Amino acid sequence: MSPSLPSKLESFFETMRRGEEFAQHGFDLLCKRSEPEQYFDALKQRGFFNPSENQGPVPSANPDFVHIPVWAALKYLQAVGARAAALNSDELAEKILDVIRSVTLFRDEATGEPRDNYRTYFTFAELLGVLPLRSISIGDVGLIPTWLNSKYDRSLVPHALSKGLLKRLFDDGSAESAEKACAVIEACLRLERSSRRRKRSDDDLATVVDDYWLKEILQAYARELGRKAGRNAAVIFENGLRIVFSKERRSYDSALWRPAIETNSQNRDFYGPENRFVEGLRDVLDGWLETEQVGASEYVEAALKDGSEIIRELCGKLGDDGMR
């Protein structure tokens, strides 16, 4: 049973229930309070954070488009998230994370799928960039693939992850943070059948994150990932290379798809996955060699005998350039 509230506050919540505009106005007013978290429990008990409140795409006036609603609670969640960060509060962080988990894991009754609202998922990604790192579990990082899988936007979530969560994980530098960083990068590298707008052939693959944003992320963090995670980071890119350059997809000379291991004008920008996995493993190994030369050198030596041509070529290039 919900605890009793002052009649004015109870009336305020009832007004918020009259419609989306009333809810938005109510949340806006609560955000202006110096301690907006005081109302969190009451709002939750009255269903304002129920996963069903977060709407998926709705038809627009133009039948060729859909409208992605803005969930009224998002601004309030951000305000409480900022308070959790300012107070370094695990308790407040857990309340926010509980909403993030329940909304992400919710499945629409009609489709059986998560509700595709990239605006909500963008806010969730931003929240992971401010909440105390110790409160964010590897399981919470495991929610990210759902956020990245929107049909309507593939840029906002990775941009938020790059500027927020990933930066903080690398700044922290602990083994736990390195594990989480690996999980974030691996989620961004997930391969899928290419959409028509990016498709080059029937067996074409694309990364779930648009190539422009993925390139930006890897240029910023791949070497640091190698420094912090070593073999665990290398394996992520190695596995991707084995898929992208598999005999079923690339049955002849890998140099046709990636002429140079190093940055070179011969490399074609439109071979996104080929470029990202080659450059990613190259930079990860470069970073790993800086911090653990023995372990990294052993990996490279073994890779020189690998059955994959592209892996042999990549590690051979490292050897030719001289291991530090």
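Start at 1 with the first residue, then count along the sequence. Treat the numbers as computed from the prediction; the structure is a model and nothing was measured.
- Around the OH atom of Y152, the shell of radius 6.0 Å holds more than 12 heavy atoms that belong to other residues, nucleotides or ligands.
- Inspection of the R33 and Y39 side chains reveals an N or O donor paired with an N or O acceptor under 3.5 Å.
- Between the side chain of S102 and the backbone N or O of V99, at least one donor-acceptor pair lies under 3.5 Å.
- Using modelled atom types, no side-chain atom of R17 and backbone atom of F13 make a donor-acceptor pair closer than 3.5 Å.
- Side chain to side chain, E21 and Q24 fail the donor-acceptor criterion of an N or O pair below 3.5 Å.
- Between the side chains of T120 and T123, no donor-acceptor pair of N or O atoms lies under 3.5 Å.
- If you check the side chains of T104 and W147, you find a donor sitting under 3.5 Å from an acceptor.
- Residue E35 places its CD atom among more than 12 non-hydrogen atoms of other residues, nucleotides or ligands, all under 6.0 Å distant.
- Proximity of R223 to V284: side-chain heavy atoms (C-beta onward) are nowhere separated by under 4.5 Å.
- In this structure, a donor-acceptor pair under 3.5 Å is absent between the side chains of S52 and N50.
- Side chain of R276 to backbone of L214: no donor-acceptor contact under 3.5 angstrom is found.
- Between the side chain of D210 and the backbone N or O of Y212, no donor-acceptor pair lies under 3.5 Å.
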Give every donor-acceptor pair under 3.5 Å between a side-chain atom in residues 61-72 and any protein atom, sequence neighbours left out.
{"from": "N62", "atom 1": "OD1", "to": "D64", "atom 2": "N", "distance (Å)": "2.9"}

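- A salt bridge between K32 and D28 is absent, with no side-chain N of the basic residue lying under 4.0 Å from a carboxylate O of the acidic one.
- Here F40 pairs with F49 under the ring pair (Phe, Tyr, Trp, His ring centres under 6.0 Å) rule; sequence neighbours left out.
- A donor-acceptor pair is defined here as one N or O able to donate and one able to accept, closer than 3.5 Å; no such pair exists between the side chain of D306 and the backbone of E309.
- Listed by first then second residue, pairs satisfying salt bridge (charged side-chain N to carboxylate O under 4.0 Å, His left out) with a partner in residues 120-140 read D90-R134, R101-D140, not counting sequence neighbours.
- There is a side-chain donor-acceptor pair under 3.5 Å between E238 and Y299.
- K180 places a side-chain N or O within 3.5 Å of a backbone atom of I136 that can act as its donor or acceptor partner.
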